[in-house]
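The structure appears right after this line, and notes come after that.
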Amino acid sequence: MAIERTLAIIKPDAVGRGLTGEILSRIHAAKFHIIAIKTRRLTKKEAEGFYAVHRERPFFQELTEFMSTSKAVVIVLESENAIAKWRDTMGATDPAKAASGTIRKELGASIQHNCTHGSDAAETAAFEIGYFFSGSELI
Ligand code: GDP
C-alpha cells in the first residue's frame with residue numbers, strides 16, 4: 001500500500017465544543033503521522049474556494065458561512081492509504097448514517113456539524129493540502 005497524505009480539518013463546530021484534543025487522540029490512535037498543523041479562521045472567500053466543487057449544491061452558502069464562523073484546525077496527515085483510512089476514521093457525512101466507533105457517529109451533531117473534513121481522492125488531497133500549506137511547511 002502506498003504512503004499518502006490527506007488534508008483533515010477539525011471544523012469550527014468541534015473546536016467550539018472543545019473536541020480538538022479528543023479528535024487528535026483518535027488521529028494518534030489510528031497511527032497517522034501529523035506532518036503539519038495550524039489553527040485558522042477561514043474567511044468566507046477561503047471557505048468558498050475550498051468548497052468550490054459544491055458551489056451548485058443547495059447547502060453551499062450555509063456550509064461556507066459555518067466554515068468561516070470561527071477557528072478550525074487544519075492538519076496534513078500521512079500514513080499508508082491515508083485518504084481512505086481517514087475517511088473510515090471519520091465515518092459517513094451524516095452522523096446518523098455513520099458506522100459505530102467513528103468520529104462523526106460518536107461526536108457529530110448533524111450532517112453539517114459533523115466535526116471533521118477529509119479529502120476524498122488523491123487529486124483533491126493535493127489541491128486541499130496546497131490550499132493551506134506551502135512547500136516549506138510540508139518537509
Ligand atoms: P464529506 O466529504 O463527507 O465531508 O461530504 P461532502 O463533500 O458531500 O460535503 C461537504 C460538507 O458539506 C459535509 O462534510 C457537511 O459539513 C456539509 N454537507 C453535506 N451534505 C449536506 C447537507 O445535505 N446539508 C448541509 N447543511 N450540509 C451538508
Side-chain angles (χ1 to χ4, degrees):
M1 253 185 280
I3 297 287
E4 291 176 338
R5 290 182 178 184
T6 191
L7 187 87
I9 302 179
I10 305 176
K11 294 182 179 182
D13 59 318
V15 175
R17 289 167 59 212
L19 295 172
T20 301
E22 167 69 30
I23 293 170
L24 287 173
S25 65
R26 286 169 183 254
I27 287 171
H28 180 68
K31 304 203 184 308
F32 289 101
H33 295 293
I34 292 178
I35 301 296
I37 181 166
K38 57 187 165 193
T39 55
R40 282 290 309 276
R41 178 172 177 180
L42 274 64
T43 65
K44 179 76 160 55
K45 282 229 172 319
E46 284 173 323
E48 287 170 1
F50 184 75
Y51 280 117
V53 291
H54 290 318
R55 63 185 167 269
E56 304 303 335
R57 309 274 288 270
F59 56 84
F60 181 70
Q61 282 308 325
E62 204 186 348
L63 171 63
T64 52
E65 267 158 37
F66 155 59
M67 288 298 290
S68 55
T69 47
S70 55
K71 279 193 173 180
V73 182
V74 190
I75 311 164
V76 179
L77 299 177
E78 185 178 89
S79 75
E80 280 190 357
N81 211 17
I83 296 166
K85 187 169 118 171
W86 174 237
R87 289 190 67 87
D88 286 348
T89 307
M90 292 195 302
T93 309
D94 183 351
K97 295 180 183 153
S100 57
T102 60
I103 290 170
R104 284 166 163 176
K105 180 68 173 185
E106 293 191 354
L107 306 174
S110 69
I111 193 163
Q112 180 169 269
H113 293 160
N114 59 3
C115 294
T116 50
H117 167 84
S119 311
D120 64 1
E123 309 73 51
T124 330
F127 166 75
E128 292 181 351
I129 290 169
Y131 200 78
F132 289 112
F133 294 93
S134 63
S136 63
E137 292 175 289
L138 296 168
I139 295 165

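One-based numbering, in listed order, for ligands and for the atoms of each.
Among protein heavy atoms, the minimum distance from atom 8 (O) of ligand 1 is reached at R57 NH2, 3.8 Å. Closest to atom 19 (C) of ligand 1, if we only count protein heavy atoms, is F59 CZ, 3.5 Å. Looking from atom 15 (C) of ligand 1 to the surrounding protein, the closest heavy atom is I111 O, 3.2 Å. Closest protein heavy atom to atom 7 (O) of ligand 1: H54 NE2, 2.9 Å. In this structure, the protein non-hydrogen atom closest to atom 5 (O) of ligand 1 is T93 OG1, 3.3 Å.
For the pair Y131 (side chain) and A126 (backbone), a donor-acceptor distance under 3.5 Å is absent.
Contact analysis puts K11 in contact with ligand 1, with a non-hydrogen atom separation below 4.0 angstrom.
Using a 4.5 Å cut-off between side-chain heavy atoms of Ile, Leu, Val, Met, Phe, Trp and Tyr, with links allowed through other members, I37 and F133 fall into different hydrophobic clusters.
Proximity of R104 to ligand 1, defined as any heavy-atom pair under 4.0 Å, is confined to the side chain (atoms from C-beta onward). Heavy atoms of N114 found under 4.0 angstrom from ligand 1 belong exclusively to the side chain. The proximity of M90 to ligand 1, defined as any non-hydrogen pair under 4.0 Å, does not occur for either the backbone or the side chain. The side chain of L63, and not its backbone, has at least one atom closer than 4.0 Å to an atom of ligand 1 (non-hydrogen atoms only; side chain from C-beta on).
Here's the thing with Q112: one of its N/O atoms is less than 3.5 angstrom from an N/O atom of ligand 1.
Within the listing of ligand 1, atoms 1 (P), 2 (O), 3 (O) sit less than 4.0 angstrom from a heavy atom of R87. Close contacts of ligand 1 with E62, meaning ligand atoms under 4.0 Å from a residue heavy atom, involve 26 (N).
By the 30° and 60° cut-offs, the orientation of the rings of F66 relative to H113 is tilted. Ring pair F59/H54 is tilted by interplanar angle, where 30° to 60° counts as tilted.
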Determine whether M90 and R87 satisfy the following criterion, side chain to side chain contact (heavy atoms under 4.5 Å, CB included), listing intermediate values before the conclusion.
CA-CA 5 Å; M90 292 195 302; R87 289 190 67 87; 4.0 Å; yes

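E46 and R41 are not joined by a salt bridge, as no carboxylate oxygen comes within less than 4.0 angstrom of a charged side-chain nitrogen.
The shortest distance between side-chain heavy atoms of E65 and K44 falls below 4.5 Å.
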Sequence neighbours excluded and cut-off under 3.5 Å, please list the side-chain donor-acceptor pairs for residues 71-85, or say none.
from, atom 1, to, atom 2, distance (Å)
E78, OE2, R5, NE, 2.8
E78, OE2, R5, NH2, 3.3
K85, NZ, A30, O, 2.7

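The side-chain tip of K45 does not point at the ring of F50 from less than 6.0 angstrom away and within 45° of straight on.
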